[in-house]
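See below for the structure under consideration.
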Amino acid sequence: MTGGGDRAVMDTVQQRLAFLSTQPFTWRSRPGPRRRRRPPLSASRATVTACVLSPDAVAERRVRVTVCGGGSFGSAMAFLLGSNGYPVTLLVRREAVAECINAERRNPRYFPADGDIRFPEAVRATTDVAEALRDCDLCVHAIPVQSSRAFFEQQLLPHWRPGTPILSTAKGIEAGTGQFLYEVLESLQPSHLSPLPTAFLSGPSFADEMLRQLPTAAVVAARDATLRRALAEMLSSSVFKVFRSSDVVGVEVSGAVKNVIAVAAGISEGLGLGMNATAALVTRGCSEMRRLARRLGARSVTLAGLSGVGDTFMTCFGAQSRNRTFGFRLGRGEPLTHILETSAQTAEGVHTARALVRRIGELYPGYQPRRLEMTFPVLLSVADVLEGGVEPRQRLTDWMRMPSGSEN
Ligand SMILES: NC(=O)c1ccc[n+]([C@@H]2O[C@H](COP(=O)([O-])OP(=O)(O)OC[C@H]3O[C@@H](n4cnc5c(N)ncnc54)[C@H](O)[C@@H]3O)[C@@H](O)[C@H]2O)c1
Ligand SMILES: O=P(O)(O)OC[C@H](O)CO
């Protein structure tokens, strides 16, 4: 900027900034047409309970946390909450893993062998579910979706103290019922006890990067405002930024569906179709995610947020994603059974893709199969490929030939 006019503009800007910096900041909502907010469909059915995590207990680090599931994300959650000063019990399945965590302060399977990452002293491990849940004030659930119902029914609920909040981190749909995890939890509401206070954590958060304390942002969703505020405070740190949301449906549906889109992205890359094709599939996959989630009552803003496009971008383009890697191997021509046999960790998108077929069918009862295929081409194609009925390249060719109308 060298001209006199530009300098005058700069002076005005500087004066304005100087003026603003002397003014106290107050938020005023702009007058405008009143918007009617549509509540998530199932919100009306949900029972909101008082939060038992008191601000004092949170601030004084007196909340005793039990993390259920000693896999990669359970370990990352125990590490995060332990580093934030909360006493954490990590429930694992194998005695040898518990012993190693207690003796060496590392999870032998999920911590890099050559690294110096160690659990803080506040974390201890056990295989005894009764012991793990005895004095628990907050239960963090980090067990894959397909094992969750059995875990809740057979292990957690018999030892659960009424009122103890459950923070779920699992992302997917239960294959047998077509239910998202928030619906599984709703269906388990124990009638003889007080209702389960539930919350859900989602967003672009590779466990490995959290263990290495790389900056991460996520969203915690709960219908109870006090609960989500308490959880956000407990989880927040200088490397973990937590946003809050009341849109449980949006956070849960997007967290599950993004895994299926990541399988599609992996297939595209495995086939060597190039970035144009992959970006197109991911973008259209996001449209389908939005369509489905809105149908279930989610808010669009959630789908554009961390649990929606944020996690979708990371999982579709991050090389370490298990869902993307699964798709990549499929695209390279490896047989499905071989990939399943040799995958050590959970790729939730595989079961979720199949469960989505059923769920989409239920949500659009009047639609003929062809119309459904036109409405959800990416999501249904992944399921078709996983069922083995169609070659991935053929499916893409079919999609390219489909009529394309307005972009929505
Ligand atoms: N890994 C990540 O980066 C990440 C990030 C965010 C969310 N998640 C979600 O967290 C969930 C767990 O994923 P993960 O990455 O930890 O998977 P993982 O495969 O690394 O570990 C799963 C763990 O669950 C345990 N488990 C399975 N069934 C069990 C049962 N019935 N009882 C007790 N323990 C059982 C296994 O022993 C294993 O330790 C998934 O839904 C995933 O989508 C993962
Ligand atoms: O490795 P993935 O594909 O299971 O993705 C992990 C997390 O969901 C990313 O937020």
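First listed ligand is number 1; within each ligand, the first listed atom is number 1.
Protein heavy atom nearest atom 12 (C) of ligand 1, with residue, atom name and distance: A142 O, 3.7 Å. Of all protein heavy atoms, the one lying nearest to atom 27 (C) of ligand 1 is R93 NH2, 3.5 Å. For atom 18 (P) of ligand 1, the closest heavy atom belonging to the protein is T346 OG1, 3.6 Å. Protein heavy atom at the shortest distance from atom 11 (C) of ligand 1 is A170 CA, 4.0 Å. Protein heavy atom at the shortest distance from atom 4 (O) of ligand 2 is R322 NH2, 2.9 Å. Nearest protein heavy-atom contact of atom 4 (C) of ligand 1 is F73 CD1, 3.3 Å. Looking from atom 43 (O) of ligand 1 to the surrounding protein, the closest heavy atom is E348 CG, 3.5 Å.
For R322, the heavy-atom gap to ligand 1 drops under 4.0 angstrom. A heavy-atom separation below 4.0 Å is found between S205 and ligand 1. In this structure, S205 counts as a contact residue of ligand 2, since one of its heavy atoms falls inside 4.0 Å of the ligand.
Every N/O-N/O distance between P144 and ligand 1 stays at or above 3.5 Å. Residue contacts with ligand 2: K171 is placed with a nitrogen or oxygen under 3.5 Å of a nitrogen or oxygen of the ligand (distance criterion only). Where the criterion is an N or O separation shorter than 3.5 Å, residue side chain and backbone included, P204 fails it with respect to ligand 2. At under 3.5 Å, a nitrogen or oxygen of G71, whether backbone or side chain, sits near a nitrogen or oxygen of ligand 1. Looking at ligand 1, you'll find an N or O of K171 within less than 3.5 Å of one of its N or O atoms. The shortest N/O to N/O separation between A207 and ligand 1 falls below 3.5 Å.
Numbered from 1 in the order shown, with element, the atoms of ligand 2 that lie under 4.0 Å from a heavy atom of M314 read 9 (C), 10 (O). Every atom of ligand 2 is numbered from 1 in the order shown, and the set under 4.0 Å from a heavy atom of D311 is 9 (C), 10 (O). The contact set between ligand 2 and T315, taken as ligand atoms under 4.0 Å from a residue heavy atom, comprises 3 (O), 5 (O). Taking every non-hydrogen atom of T169 and a distance limit under 4.0 Å, the qualifying atoms of ligand 1 come out as 7 (C), 8 (N), 9 (C), 10 (O). Interface atoms of ligand 2 facing K258, defined by a heavy-atom separation under 4.0 Å, are 5 (O), 7 (C), 8 (O), 9 (C). For ligand 1 and Y110, the ligand atoms under 4.0 Å from any heavy atom of the residue are 20 (O), 21 (O). Proximity to G203 (heavy-atom distance under 4.0 Å) selects the following atoms of ligand 2: 10 (O). Shown in contact with S147 at under 4.0 Å from a heavy atom are these atoms of ligand 1, numbered in order with element: 28 (N), 31 (N). Within the listing of ligand 1, atoms 39 (O) sit less than 4.0 angstrom from a heavy atom of G70. Close approach to F206 involves these atoms of ligand 1, each under 4.0 Å from a residue heavy atom: 3 (O).
Here the closest heavy-atom approach between residue L201 and residue A218 is recorded as CD1-CB, 4.0 Å.
Evaluated by nearest non-hydrogen atom to atom 3 (O) of ligand 2, the leading choice among G349, A207, S321, C316 is S321.
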Inset, instruction - Could you go through the salt bridge (Lys or Arg N to Asp or Glu O under 4.0 Å) check for E334 and R332 one step at a time? - result: CA-CA 6 Å; E334 278 188 57; R332 291 285 284 265; over 6 Å; no
Inset, instruction - Go through the steps for D208 and R212 under the test salt bridge (Lys or Arg N to Asp or Glu O under 4.0 Å), then give the verdict. - result: CA-CA 6 Å; D208 166 72; R212 289 190 285 126; 2.9 Å; yes
Legend entry - Check against salt bridge (Lys or Arg N to Asp or Glu O under 4.0 Å), R291 and E288: CA-CA 5 Å; R291 196 169 296 141; E288 294 174 31; 5.4 Å; no
Legend entry - Working for salt bridge (Lys or Arg N to Asp or Glu O under 4.0 Å), residues K171 and E252: CA-CA 7 Å; K171 299 171 180 171; E252 278 289 275; over 6 Å; no
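S246 and R299 share a side-chain donor-acceptor pair at under 3.5 Å. Under 3.5 Å, the side chains of D311 and S307 contain no donor-acceptor pair of N or O atoms. Using modelled atom types and a 3.5 Å distance limit, the side chains of R322 and T325 yield no donor-acceptor pair. A donor atom on one side chain and an acceptor atom on the other are not found under 3.5 Å apart for S205 and T216.
Residue F313 qualifies as open at atom CZ: its count of foreign heavy atoms under 6.0 Å is 12 or below. Heavy atoms of other residues, nucleotides or ligands lying less than 6.0 angstrom from CD of E60 number more than 12.
When side chains are defined from C-beta on, F180 counts as touching R359, because their heavy atoms get closer than 4.5 Å. Using a 4.5 Å cut-off on side-chain heavy atoms (C-beta onward), H141 and T169 make no contact.
Under 4.0 Å from ligand 2, heavy atoms of N323 appear from its side chain as well as its backbone. Using a 4.0 Å cut-off between heavy atoms, F151 contacts ligand 1 through its side chain alone, with no backbone atom that close.
At least one donor-acceptor pair under 3.5 Å links the side chain of T352 to the backbone N or O of I173.
Between F79 and F119, the angle of the ring planes lies from 30° to 60°, which puts this pair in the tilted group.
Remark: R118 is not positioned above the aromatic ring of F111, lacking an NZ or CZ atom under 6.0 angstrom from the ring centre and at most 45 degrees off the axis. A cation-pi arrangement is absent between R149 and F152 under the rule of less than 6.0 angstrom and at most 45 degrees off the ring axis.
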